[in-house]
Amino acid sequence: MQPFSFYLITDTHFYKNSLGCYGKEYDEFMRYEQKCFAETESINNSVFEWLEKADEADTVLIAGDLSFNGERASHEGFVKLLEGLKNAGKRVFVVTADHDCSAHPFGFNENGRFEPEGIQRDELFDIYNEYGFGGAIAADREHLSYVAQLCDGVRLLALNNDGSRDGIRNFDEAQIAWIKQQTAKAKEDGQMMIAMNHFPLLPPQPLFNLIGSTMQKQSAKAIQLLADEGVGIVFTGHMHQQSINEYVTEKGNKIYDVCTGSIIADPAIIRHITIRDGDTVEIRSIPTPDFDWDTKGKDCKQYLKDTFDAMIVNLLEDMVNDTPRVLRKLGISTSKGAVFAVKQAGKLLNSVTLGTLARLLFIKCDKSIRKTTVKRFATDLVRGIFEGNQKMVIGTPEGDVFNAALKRLGFVLKKVNAKTFDGKKADIAELLKNTAGNYGIDDYNAVLKLK
Ligand SMILES: [Fe+2]
Ligand SMILES: [Fe+2]
């Protein structure tokens with residue numbers, strides 16, 4: 001086959017700014033937000049303008065969470081951007097997801113929080129008809145899924161898993177049967193099949209083995225299904241994270257999950273993907289362009305990075321200043337004991353340096369980072385998990401102190417009885433080591449061998 005290229009973006013979370021997105025309550029809401037809100041229309045405009053002009057591919061895939069929270073006006077505004085891409089000669093394929101038909105969309109104005117008009121899930125098929133569903137070679141309206149011929153030799157299995165009717169984030173039996181039918185048909189027709197599914201099927205970073213609620217339900221079953229049916233790569237979003245992971249099923253079938261960051265949050269990325277032949281896929285990552293906003297002179301990357309860091313710093317500081325709010329945000333009970341424990345932990349995190357902490361744990365800490373506060377270290381650690389290619393690897397001052405701490409706490413970590421996403425016993429220290437530092441596939445630019 002001829003090499004085939006396309007662009008992929010995800011989690012556009014377009015919000016029609018004229019609905020209202022300001023005020024005191026808005027500022028409060030944004031204290032714990034990783035993603036932009038008021039800026040999203042402007043960010044989308046600049047990304048779509050970039051895509052219209054981009055000449056290394058004429059196909060664009062968008063992996064869901066198209067609107068901020070399902071506001072009718074946001075969907076209408078977003079469709080206009082898709083029309084612009086189409087008029088510029090691009091073919092566009094979208095899937096819809098959990099943020100595209102929320103029961104309670106919201107905005108903010110001078111009177112506080114309000115609920116703009118939303119849409120019904122049933123409307124999505126028609127709203128986005130021209131961007132996947134309409135020209136599909138097979139479509140499943142109930143599950144908002146379809147199969148499209150991307151080029152001669154490559155088919156796209158575009159899957160929605162917001163859980164048609166019952167239980168969200170899952171493939172029900174009918175959808176599994178439909179997937180099997182479509183993959184069998186692709187094999188019969190001699191077509192390679194790639195998939196796009198909003199929710200990740202593999203933990204984007206190892207730590208997410210333990211936080212399964214962020215992924216698709218029964219993701220082990222879903223990833224095995226796709227791999228054993230001959231799908232070698234699935235493009236996902238939802239996590240607002242950059243990661244590429246590999247999985248081999250018991251039957252020996254390999255599959256990659258390529259999770260891409262949201263364009264409206266750090267790390268904001270446009271992927272460029274080339275399918276070289278049936279077994280080689282090249283991935284390249286392009287930072288999103290600057291956008292029209294009062295960013296106080298910062299470029300796009302710095303602005304989004306600072307927004308991310310503010311979320312972590314606010315959470316850490318509010319552990320001391322507004323403990324119940326932090327507990328509510330994390331879904332933890334606000335009992336007296338919990339408030340006391342979190343407040344004390346917050347005091348330590350906010351005041352102590354790495355040098356002091358290392359002394360308390362009897363571990364070595366390189367001189368160059370001894371004065372770094374634990375708050376700064378924690379912020380870099382968490383942002384690194386989202387940005388991918390995490391830098392805290394063994395051999396760096398940060399990686400060495402982190403891994404020394406893991407070793408020191410090893411006896412406690414060994415007592416934690418937890419399972420990985422596919423039901424195996426989790427080695428917590430190993431999961432944490434591989435979450436702070438990336439020792440595996442490059443999360444940004446990679447050449448993946450599917451076989
Ligand atoms: Fe999202
Ligand atoms: Fe999502």
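Counting convention: from 1, in listed order, for ligands and their atoms alike. Because the structure is predicted, anything quoted here is derived from the model rather than measured.
Inspection of the N245 and D257 side chains reveals no N or O donor paired with an N or O acceptor under 3.5 Å. Counted by atom type alone, S67 and S74 present zero donor-acceptor pairs between their side chains at under 3.5 Å. Side-chain atoms of E56 and H272 form no donor-acceptor pair, as typed in the model, at a separation below 3.5 Å.
Protein-derived N/O/S atoms nearer than 2.8 Å to the Fe ion (ligand 1) total 4, waters excluded.
Remark: Y247 engages F421 in a ring-ring contact (aromatic ring centres under 6.0 Å, His included) (not counting sequence neighbours).
The cationic group of K296 does not satisfy the cation-pi geometry with Y303, failing either the under 6.0 Å distance to the six-membered ring centre or the 45° limit from the ring axis.
For the Fe ion (ligand 2), the nearest N, O or S atom contributed by H198 is named NE2.
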With salt bridge (Lys or Arg N to Asp or Glu O under 4.0 Å) as the test, would you mind laying out the steps for K90 and E52 before giving the verdict? CA-CA 7 Å; K90 299 280 195 277; E52 280 177 20; over 6 Å; no
